[in-house]
Amino acid sequence: MKNKIMATALILCIICCTFTGCSSQRSNGDNVLTVFNYSEYLDPQMLSKFTKETGIEIKYEEATTPEEMYTKYTSGAISYDLLCTSDYMVNRLIDEGQCQSVDFSSMENFGNIDPKFMAESESFDPGNKYSLPYFWGTVGILYNTKKVSAPVDSWNVLFDGQYSGQIIMQDSMRDSFMVALKYLGYSLNTTDKNQIEEAAELLKAQKKDVESYLVDEARDEVVAENAVMAVVYSGEAYLGNQYNPDLQYAIPKEGSNLWIDSWVVTKNCKNMENAQKFLDFLCREDVAEANFEYIYYSTPNKTVVDNMDEEIKSNVAVVPTEESIDHCEVYQTLDNETLELYNTLWKELKSE
Amino acid sequence: MNRKKIQILSIPYLIWIIGFTLIPLVFVVSKALVTPDDRLTADNLTAIFDSVHRKALITSLEVAFISSLICILISYPAALIIRSFRIKNRKAMIFVMILPMWMNFILRILAIQMLLSKNGIINHLLSILGLGQIEIINTTFAIILGTVYDYLPYMLLPVLNCVLAIPDDIVEASKDLGANRYTVLTRILLPLSLSGIGSGITMVFVPSMTEFVIANILGGGKILLLGNIIEQEFSVTMNWNLGSGLSVALMIFVLVSTLLFGRDSGADRGYVI
């Protein structure tokens, strides 16, 4: 009998712990900011520099995908103050009321951010109330100039069967559909069922020509010459070119995805002043430059672009030309019905 | 020690099993039985029979079944060979066979990927010998190869335990009674090691059924196992209800298959798994 009571008490105790563990949000002390960012997306020295200058301690957390960030953020186990995530996820967080509006104009170094990117940000953050652009880029084709005769300028090379078995597509639902939709001349934010199904048919027909669907390894496979071309993010393209000088990056003329990774302040943040200090710090010329040189993604910071070497400035993967991004679009969050259609078609494609 | 004291010793395990097995299981099942807007439904469970999911389930079963079979075919002769060694040499052999487990399994799978890839080491050697290229990477076969490589020790250890525990006297007695080597194998050794094979199947079949990382790395994203679909439902589509439903349905499948294969899983002989 005694044992049973003890066992029951124990079980209750554990259950209580689990549930309260889920709901309690540890609040941060006054001078601590919890920052959530993509992995290897910030020069770690800048964090200590910030703490030295302001006395504000940074708790730094990393994730690899926007979805992983969202899951960790909503689970509430850690209370994050600042989040750096991608356009469509920013959109989702704003829609769900997870963000606090920030008075960017009061920040000393905000003027360094090219207004062009604030304008582009409007598509996921209307009125520019919540998000601060951090890095941006495009999606395009990274190809081996030794094995591809003509310069690549169209998505066409992925669909004409000429390089069958040597193509790598992105193992990401949205990015793969984007390629097909843009090739067909549709918007990448289309919600038209017929257009999406047409894109899916195109991808299904293409599958036999695809060597593999990869995310992070896509670049490495082209560098290692296991494949002739891959759909990659522009930041990967710059590094790919460093490893293998035969590689070139092209933004197809039909247009592509223009992505922006932005900072937002979450509703959990108790000290807006400190959060603004951190954002202001990131916009500062020397800090933005250090971060740029750490990852070589396109930066929205004008002062950094002005100071670049000509060689880097002329690299379309780092600084895309105006006309190359003319037909590019920023992702918007898809409504649930469209997302479900995407998901079903994607699973069909992958399991074929 | 009296009974009560022994029971107290079980408390850490009890906490573990309640906190990390039972409660999460309750969460998963409760998610599986409702729609995203919290209405009761069985759709998430029956979704496993949708054509896409069914295809993935069959591929998963295929990979798990063939991998287990290959593991047995490698492990059993190996166990018999080790049994024939002197005890000192046995230890060295077992050590060598378990050595790969000391390395992180993702690293080992990435190494396999390097070996198999188009310009990989195997193809490089083949082309030096003038034998042309093989294209294994991004096929179901590559996934099976990776699974066997990863899970072989989990089959070998229980099989070996069982084979080594068979007393020499019994083998000698059967030989005295006129049994040839074949009869010794089929009538004495095999029946006495079935429980080890049963545990081995449980240890290989179950995890490879729910596997998704190996399929991602060696399948090139072109082959979907049920594990991949569940992972995608949780991390990309964020339909946790469907993901949970598929997980629970998969659990039922695993349970049924282990009951079928591993009936003689040694519980009667005092083994736990």
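So you know, we letter chains A, B, ... as the sequences are listed, proteins then strands, and number each from 1.
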Inset, instruction - Please indicate whether Glu40(A) has more than 12 foreign heavy atoms, meaning atoms of other residues, nucleotides or ligands, lying under 6.0 Å from its CD. - result: no

Inset, instruction - Under 4.5 Å heavy-atom distance to chain B, tell me which part of Tyr70(A) shows up: side chain, backbone, both or neither. - result: side chain

Legend entry - Neighbour count above 12 (heavy atom, 6.0 Å) for Met101(B) CE: yes

Legend entry - Close side-chain approach of Tyr342(A) to Val236(B), heavy-atom, < 4.5 Å: no

Inset, instruction - Could you pull out the closest heavy-atom pair between Lys222(B) and Lys207(A), with the gap in Å? - result: O-NZ, 3.1 Å

Inset, instruction - Measure the CG-OG distance between Leu218(B) and Ser212(A) for me, rounded to the nearest 0.5 Å. - result: 11.5 Å

Legend entry - Straight-line distance of Thr237(B) OG1 to Asn336(A) CG, nearest 0.5 Å: 11.0 Å

Inset, instruction - Look at the side chain of Lys347(A) and the backbone N and O of Leu224(B), then say whether any donor-acceptor pair between them is shorter than 3.5 Å. - result: no

Legend entry - Enclosure of Lys147(A) NZ (heavy-atom neighbours >12, cutoff 6.0 Å): yes

Inset, instruction - Measure across Glu348(A) and Val52(B) and return the closest heavy-atom pair with its distance rounded to 0.1 Å. - result: CG-CG2, 3.5 Å

Inset, instruction - Rounded to the nearest 0.5 Å, what's the gap from OG on Ser351(A) to CG on Leu226(B)? Could you check? - result: 11.0 Å

Legend entry - Winner by heavy-atom pair count (cut-off under 4.5 Å) against chain B, out of Asn343(A), Leu339(A), Asp171(A): Asn343(A)

Legend entry - Gap separating the CD atom of Glu217(A) from the CG atom of Leu110(B), nearest 0.5 angstrom: 7.5 Å

Legend entry - Pick from Met173(A), Glu211(A), Met169(A) with the largest number of heavy-atom pairs that fall under 4.5 Å of chain B: Glu211(A)

Legend entry - Enclosure of Glu197(A) CD (heavy-atom neighbours >12, cutoff 6.0 Å): yes

Legend entry - Where Met89(A) and Met238(B) come nearest, the two heavy atoms and their spacing: CE-CE, 4.0 Å

Inset, instruction - Using non-hydrogen atoms and a 4.5 Å limit, figure out which bit of Leu242(B) sits close to chain A: side chain, backbone, both or neither. - result: side chain

Legend entry - Greatest number of heavy atom pairs closer than 4.5 Å to chain A - which of Gln232(B), Glu233(B), Glu135(B), Lys118(B): Lys118(B)

Inset, instruction - Could you tell me which non-hydrogen atom of Asn119(B) sits nearest to which non-hydrogen atom of Asn226(A), and how far apart they are? - result: N-OD1, 2.8 Å

Inset, instruction - Ignoring hydrogens and angles, tell me if any N or O in the side chain of Lys350(A) forms a donor-acceptor pair with the backbone of Gly221(B) under 3.5 Å. - result: yes

